[in-house]
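Remember, predicted model here, so these are calculated numbers, not experimental data. Per chain, numbering begins at 1; letters A, B, ... match sequence-line order.
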Amino acid sequence: MEYPFDKIEKKWQKIWKDKRIFNADNNSAKPKYYILSMFPYPSGALHMGHVSNYSIGDAITRYKLTQGYNVMQPMGYDAFGMPAENFAIQHNSHPKITTEENIDIMRKQFDMIGFGLDWEREVSTCRPDYYKWGQWFFKKMYENGLVYKKSSFVNWCDECQTVLANEQVEGGTCWRCESTVRQKELEQWFFRITKYADELLDFSGLTDWPERVKIMQTNWIGKSFGTNIHFKLEGKDDVITVFTTRPDTIFGCTFMALPPEHPLVSRWLKDEPKDSEFTKFCDKVINEDKISRSAEDTTKEGIFSGRFAINPVNGEKVQIWITNYVLMDYGTGAVMAVPAHDQRDFEFARKYDIPIKIVIQNPEKSLILEEMTEAYIEPGILVNSKQFNDMESVASKKAISTWMDENGMGEDTITYRLRDWGVSRQRYWGNPIPIIHCDKCGEVLVPDEELPVMLPDNVELGKTTQNPLLSVNDWVNTTCPNCGAPARRETDTMDTFVDSSWYFARYADAHNAEMPFTKKAADHWLPVDQYIGGIEHAVMHLMYARFFHKFMRDIGMVSCDEPFARLLTQGMVTKDGAKMSKSKGNVVDPQYIVDRYGADTVRVFMLFASPPDKDSEWSDEGVKGAFRFLNRVWRIFEDKLDIIKQNVILSDPVVTDRIEGSKNESISSSLKDLRFSTHHLIKKVREDIEERMHFNTAIAAIMEHLNKVYITETENLNDTEKAIFAESCAVIPRLLYFFAPHISEELWKMIGNVELVHEAGIPEYNPKFLVKDEVTYVVQVMGKLRGKLEVPIDLPQEEIKKLALEIENVQKFIEGKTVQKIIVVPKKLVSIVAK
RNA sequence: GCGAAAGUGGUGGAAUUGGUAGACGCGCUGGAUUUAGGAUCCAGUGGGAGAGAUCCUGUAGGGGUUCGAGUCCCCUCUUUCGCACCA
């Protein structure tokens, strides 16, 4: 017989809803706890990844609720973006309709699993009451000098007349029409995130973030200290500034490397014939896939520009080459090449027969140019460097850069790998950028009272490939808010990362029509105490959100410095070792599993499968195991209901006294062990959740305890033993509640409780029952296990050593050897060193 | 390529601070119960040797530190995530 999960789950979901236990109160006197899982894209159905992710959040939610916190666990939808636009085209509908339909389905599925979500705070980024404030933030950023326009390269398909996302470019061709993709220069809007680079590098407020996320962000920002050095063009007034972290190698510069996008190169190209080798090479490199260009394994290619620059430190002529391995986005977009001491430059110089000059000698002074097979990048002693000869290279950096600064050749500078955030998207299904272009006034912000700039509904999707907004004439054509002359709306929409950069704050005051949220509400809830999401967001989303939060702080909207106090990056759900995806055909539908085994089973399985930050492998058999476990829990309550019911009123002093044994009834050793197990379990589950969030081991501990309960004989127990047995059962729903809340509520009620499980609070363990009077020592000889020792817990070390040496098997292994040392680790082991 | 992680039985995983490797679950094997069961209960289960006590071996591969290494260090291999227009 299976336990009636279906009836139970629906029943308790309704009770939780009616009692509003998950509707958070902005004015509660209780301490707040804000738990947030990254909101999903409304694809129309929950997948296992969602279930796994949100089961973690729900376990924490219920734990904190039980601890007495005023908990907020809101939910919403990251509803704008390319997938929604494509989904609508496929279904011959409109994204506004399909998205809302999908949201309704997903909300039902969330409820079917019984997540404790505060639906009164639901947000969806595609609704005007939300995106209005995204536009408002754009304006605020603009007014604060954090928004600017610049031209940059995008993937462009001539056939489709549209911009392609990187993922839409497959092997250099368009995913739709397979024509070659080229790089096109477009004017784009940018957020000046680099202004916050240094502050984003400061993780001092984020001690509870995974170290690896902080490292990835640090590397992403890539702060490096170096020197800008100015090279004059031979015979011209033009100056090329290079950035280098190795000013100590400046005397060894034999050529200069520029990317074809460099402004100077663009000028040279104008005077070049269209069919020259030079033009062709530049065109080719510009159109190369960006990722492969930054990869070090791509063949380094270049072409000599025919021009020379003058090395300011020694007046030497250096060739200027156009190459595919220098990026315009980093540093000054120009590199001084020192082939002797940089591997990429070395390979390039050898390939094109460019001179190489050693300026740093290894400590043995054995570096010979002709024998070099790779660049020497280690520190060493300067040579061929005029007055700096014989200096140690690391120390010479400062000396050389100071000298260059004094002589106007260059200066110390700091460079970041981080680039400003390009937020323009040439797509329909996104938040319109609130700008109007007027011939007379230029770009004008849409006034606050006209926000939001509504996304027009009357678009024809899928008819043209270009941004549909361009063809909505009555939307594009408007009047200038400044002078009233005819003007045109900006047709770019914002990157969806903008929408997801501040939603966590909107939940605090989700329905405010006057502003994004009040400071009071934000200060009440922020920062998010626990944020949960995939590791794939380690850099971009999490950094954009931090940036937005710091901006909101700077304009006085929030008080704290960071949006997410603690971060948990959960792993993904795999099947047959691969990520579940439709294309691989290895998707498991949560709906089916819930129908068959119930929501509690799915949750328990997902949480039990692995620790939350690791990937977890789906297993049909494993789900059955979780279901079997819940049935076992159910069965013990059915079988032993009488004995439990009569002995579980935990606040009853008589029962408590009995468990403590004050009634002077004898307690058998198996019941003593059971009592130990009960209290040990409470300690274990609490520690696993509070200190590590390892739900898998917490659930394993409950299973282990349940096994002990099962083998306990309940015939002929005295009253004390009955109370101990009842306690050992009653503790289960109180601890299982965090993972399998429905069955736990039902069992809790079944044994006579009127209150809900969380209202009983977190169980306390009694340290008295965890004290053992004997302890097992492991005895090792030369690190190998040779015996065990059961001794009284307070036996002196000398006695333990003596007993250890007496063990027969130990004797065998020290025979004929001298015992040199005996190490005793208290309460753990004895290690004998014998040679 | 760069950056970040991970690799433990047939399998998902445990071992929290350098101290009994394999908890718990799945699978498998045996037993009990049942008219029967793919249900339930109990027990066993890394590999090898042995009647057994016990011994040898074993945490991707190779080396090192240590009385002692899954855990720390170095090298190699494999897999996963991110790389700025997927979210």
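Among the heavy atoms of the strands lying under 4.0 Å from A:Gln188 is at least one base atom, whether or not backbone atoms are also near. At the heavy-atom level, A:Arg417 lies under 4.0 Å from base atoms of the strands shown. Across all strands, A:Phe813 comes closer than 4.0 Å only to sugar-phosphate atoms, never to a base (heavy-atom distances). When heavy atoms are screened at a 4.0 angstrom cut-off, A:Ala609 is found touching the sugar-phosphate backbone but no base atom. Note on A:Ser831: a base of the nucleic acid sits closer than 4.0 angstrom, heavy atoms only. At a threshold of 4.0 angstrom between heavy atoms, the contacts of A:His694 with the nucleic acid are absent. Note on A:Phe629: nothing from the nucleic acid sits closer than 4.0 angstrom, heavy atoms only. Within the 4.0 angstrom heavy-atom criterion, only backbone atoms of the sugar-phosphate kind lie near A:Ile215; the bases stay farther away. Residue A:Trp220 is classed as a base contact, given a heavy-atom separation below 4.0 Å to a base. A:Asp615 comes within contact range of the sugar-phosphate backbone alone, with a heavy-atom separation under 4.0 Å but no base atom that close. Residue-level contact check: A:Met572 touches the backbone only, with heavy atoms under 4.0 Å from sugar-phosphate atoms and none from bases. Contact annotation for A:Ser500: no contact, since no heavy-atom pair falls under 4.0 Å across all strands. Using a 4.0 Å heavy-atom cutoff across all strands shown, A:Arg635 reaches sugar-phosphate atoms only and no base atom. Nucleic acid contact class of A:Phe608 (heavy atoms, under 4.0 Å, all strands): base.
Ring-plane geometry between A:His541 and A:His537 is classed as perpendicular, the angle between the planes exceeding 60 degrees on a 0 to 90 degree scale with a lower cut at 30. Between A:Tyr3 and A:Phe5, the ring-plane angle classifies as perpendicular under the 30° and 60° cut-offs. Between A:Trp502 and A:Tyr130, the angle of the ring planes stays under 30°, which puts this pair in the parallel group of the 30/60° scheme. Below 30°, between 30° and 60°, or above 60°: for A:Phe190 and A:Tyr148 the angle between ring planes is below 30°, a parallel geometry.
Separation of the P atoms belonging to B:G7 and B:A60 is 8 Å when rounded to the nearest angstrom. One P atom belongs to B:C24, the other to B:U79, and the distance between them is 34 Å to the nearest Å. Straight-line distance between the C1' atoms of B:C77 and B:G61: roughly 7 Å, to the nearest whole Å. Spacing between B:A21 and B:U45 at atom P, rounded to whole Å, works out to 16 Å. Between B:G70 and B:G50, the distance separating the two C1' atoms is 29 Å to the nearest Å.
Counting heavy-atom neighbours within 6.0 Å of A:Lys150 NZ, excluding the residue itself, gives a total above 12.
Closest approach to the A:Asn155 side chain among B:C85, B:A15, B:G19 is made by B:C85 (side chain taken as heavy atoms from C-beta onward). If you check B:C85, B:U16, B:U54 against the side chain of A:Lys684, the one that comes closest is B:U16. In this structure, of B:G19, B:C55, B:C83, it is B:C83 that holds the atom nearest to the side chain of A:Met540. The side chain of A:Met703 sits closest to B:G25 out of B:G25, B:C85, B:C67. Of all nucleotides listed (B:C56, B:G82, B:C26), B:C56 comes nearest to the side chain of A:Arg786. Among the nucleotides B:U40, B:U16, B:A84, the one closest to the side chain of A:Leu418 is B:A84.
Remark: aromatic rings of A:Trp189 and A:Phe138 are close, center separation under 6.0 Å.
Here the rule is side-chain hydrogen bond (donor to acceptor under 3.5 Å, both in side chains) with A:Arg425, and of A:Thr493, A:Asn431, A:Thr496, A:Asp495 only A:Asp495 fits it. With A:Leu567 as the partner, the side chain to side chain contact (heavy atoms under 4.5 Å, CB included) test is satisfied by one option alone out of A:Ile532, A:Val213, A:Asp208: A:Val213.
Counting atom types as modelled, A:Gln780 pairs a side-chain N or O with a base atom of B:G19 as donor and acceptor under 3.5 Å. Applying the 3.5 Å distance criterion, the base of B:U20 shares a donor-acceptor pair with the side chain of A:Lys788.
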| If you write RNA chain B from 5' to 3' in dot-bracket form, with Watson-Crick or G-U pairs under 3.5 Å, [ ] for crossing pairs and | for pairs with another strand, what do you get? | (((((((..(((......[....)))((((((.......))))))((((....))))..(((((..]....))))))))))))....

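Protein atom CG of A:Leu327 is 12 Å distant from nucleotide atom C1' of B:G1, rounded to whole Å. Following rounding to the nearest Å, A:Tyr544 (OH) and B:A87 (P) show an atom-to-atom distance of 11 Å. A straight line from CG of A:Leu706 to P of B:U40 spans 13 Å, rounded to a whole angstrom. A:Trp618 has its CH2 atom 19 Å from the P atom of B:G25, to the nearest Å. Separating the CD1 atom of A:Ile702 from the P atom of B:A23 is a distance of 19 Å, rounded to the nearest angstrom. For the pair A:Asn219 CG and B:C2 C1', the computed distance is 9 Å after rounding to whole Å.
Judged by the 6.0 Å and 45° rule, A:Arg786 forms a cation-pi pair with A:Phe813.
The glycosidic torsion of B:G9 lies within 90° of 0, placing the base in the syn range.
Side chains of A:Glu187 and A:Ser151: a donor-acceptor N/O pair is absent below 3.5 angstrom, by distance only.
Nearest-nucleotide positions on RNA chain B place A:Val213 closer to the 5' end than the other of A:Val213 and A:Lys812. With RNA chain B read from its 5' end, the first of the two nearest nucleotides for A:Glu687 and A:Val539 is the one closest to A:Glu687.
Between B:A84 and A:Arg419, no contact under 4.0 Å exists linking OP1 or OP2 to a side-chain N or O. Side-chain nitrogen and oxygen atoms of A:Arg425 include none within less than 4.0 Å of the OP1 or OP2 phosphate oxygen of B:C86.
Among residues two or more places apart in sequence or in another chain, the ring pair (Phe, Tyr, Trp, His ring centres under 6.0 Å) test is passed with A:Phe39 by A:Tyr503.
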